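On a predicted model such as this, the values are computed, not experimentally measured, just so you know.
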2 protein chains.
Amino acid sequence: MSEDPKPRRRQARGERRISQLLQAAADVFCANGYTATSTNAIAREAKVSPGTLYQYFPNKEAIAIELGGRLVHEMRERHGRIFTPENAALPLPELIDAVLDPMIEFNCLNPAFLALMHGSDVPGRIAEEHDELHASLLSQVRGLIGARAVPPLPADRLDRVADMAFAVFKGGLALVVAAPEGPAREAAVEELKKVMYRYLAPVVGEAVPAGAAGALTTPPTTR
Amino acid sequence: MSEDPKPRRRQARGERRISQLLQAAADVFCANGYTATSTNAIAREAKVSPGTLYQYFPNKEAIAIELGGRLVHEMRERHGRIFTPENAALPLPELIDAVLDPMIEFNCLNPAFLALMHGSDVPGRIAEEHDELHASLLSQVRGLIGARAVPPLPADRLDRVADMAFAVFKGGLALVVAAPEGPAREAAVEELKKVMYRYLAPVVGEAVPAGAAGALTTPPTTR
DNA sequence: TGATTACGCGAGCGATCACTCGTGTTTGCC
DNA sequence: GGCAAACACGAGTGATCGCTCGCGTAATCA
């Protein structure tokens, strides 16, 4: 079980080609899905020959694996900057900003992430990576909500709240990335934050004012 | 542009085969997605030969079209029974029950619906049908919310609220259908209804009690 | 009962796809 | 400059897929 039996020397040119191929793959996967995408189409998008593509990747699945792996890695790095003790101590509206904004930004910048992680026709290895990421993300959310719940939630209810909060976020995220860049998208983001706030506020013991259909929270706060 | 150039006579046996093939297609599409599904696999699942399959469908896309068409048709029938004047007059918690329960039931019974309507690798004709259904569904939701909003919402805000309510529902729906049948699924349904209630209550001028983390609404009501 | 038509089969055809290989070019190192 | 290795190419190969076709069976009608 050697990790790297052939740690082939790469030149700078090779590394550039790899990034170029991965970028092309992201575009085509995003537009057509994994299965419907041909390796020749990826090579064409990257303006190289099929032979060149196979110099850097052993097969089609490996392209998706590498692309997915890089995206997951970048996503995990963001987690580290999102789920910090400082953020955990923030008031709920600010906490929602602190968590949602980077998540949304990442997914808007990397639409291939959702395409790869959500498609039902992706290779098994990617689905595994996605499950791991999903589980770790979920446990962070559970921790965040569990630490603030007033009154404290039993474990099974905490699980359900975290699951639902995350699922609802994903639904809203789809709407956000589908919106055209600009004011429409930002309005969708604000709307999604309202959903999250109104759902979670009672869990953490805050009241939602009745007439505040347009405001996320009371005026005196920072938003 | 004749609608049915060859309205071929069918025997009862043929109609049964069609249903059988459609059911098999639903199962396989659901498990592997449209593109990754081979027509031979559908025939195998239905326990017939490839030749038999092609006696009833001119090509692979037609199978998905017919399946999608039947599901959309059934879904539209439900809309008629969901978005009625009586339901529109219901208090918010009961309205949410009246709208969500049939929707959830349908999607649990027909998982192929979500698979076909959400996949990025489906033939264009299905995507069109989905868009039409989505638009009509959304306008019904807009009507429901717009008629109750207190204070009344300007058109652009109403659009955003309806869009977000629907997107959030879809996210929660994915969680519900992914849950194992039984108490876990019903708990997820209740949780999703809480999300919808808490999001929409301020829009229609209701207050959400602060401590009511576990209750959807105040005790005296029917739930 | 015989004729007609729908139903059912599965080997096989053409097209496409993932992937290879022989050959030529560029780069890094002495 | 000379050599080895990485890079680049694109026609070609085997496999698979969507789909057909010829032939046999079952149902319907006269």
Between B:Tyr34 and B:Arg13, which has a closest nucleotide on DNA chain D that is more 5'? B:Tyr34
Interatomic distance, CG@A:Leu21 vs CD@A:Glu66, rounded to 0.5 Å, equals 11.0 Å
Output the single nucleotide from D:dA6, C:dA18, D:dA27 whose closest atom is nearest the side chain of B:Gln11. D:dA27
Between C:dA6, D:dA11, C:dA18, which nucleotide has the shortest distance from any of its atoms to the side chain of A:Pro50? D:dA11
A:Ile63 has an atom CD1; how far is it from atom P of C:dC17, in whole Å? 14 Å
Choose from D:dA8, C:dG8, C:dC9 the nucleotide whose nearest atom is closest to any side-chain atom of B:Val48. C:dC9
For A:Arg17 and C:dT27, what is the distance between atoms CZ and P respectively, to the nearest whole Å? 11 Å
Nearest-Å distance for atom pair CD/P, residues B:Glu61 and D:dC17: 19 Å
Do the side chains of B:Phe113 and B:Asn107 get nearer than 4.5 Å, heavy atoms only? yes
Side-chain contact check for B:Tyr54: nearest option of D:dT20, C:dA6, D:dA8 is D:dT20
Side chain of A:Thr52 - closest among D:dA8, C:dG8, C:dC19: D:dA8
Round to a whole Å and report the spacing from CG of A:Asn59 to C1' of D:dG14. 16 Å
Looking only at C:dC9, D:dT20, D:dA8, the nucleotide nearest the A:Gln55 side chain is D:dA8
Give the rounded distance in Å between these two atoms: CZ of B:Arg16 and P of D:dA26. 15 Å
Rounding to a whole Å, what distance do you find between A:Asn40:CG and C:dT20:C1'? 12 Å
So, is A:Tyr56 near the phosphate of D:dA8, with a side-chain N or O under 4.0 Å from OP1 or OP2? yes
A:Arg10 side-chain N/O to D:dC7 phosphate OP1/OP2 under 4.0 Å: yes
Measure from NZ or CZ of A:Lys60 to the centre of the six-membered ring of A:Tyr34 and say whether it is under 6.0 Å with the direction within 45° of the ring axis. yes
Name the closest nucleotide to the A:Ser49 side chain, picking from C:dT20, D:dG10, D:dC7. D:dG10
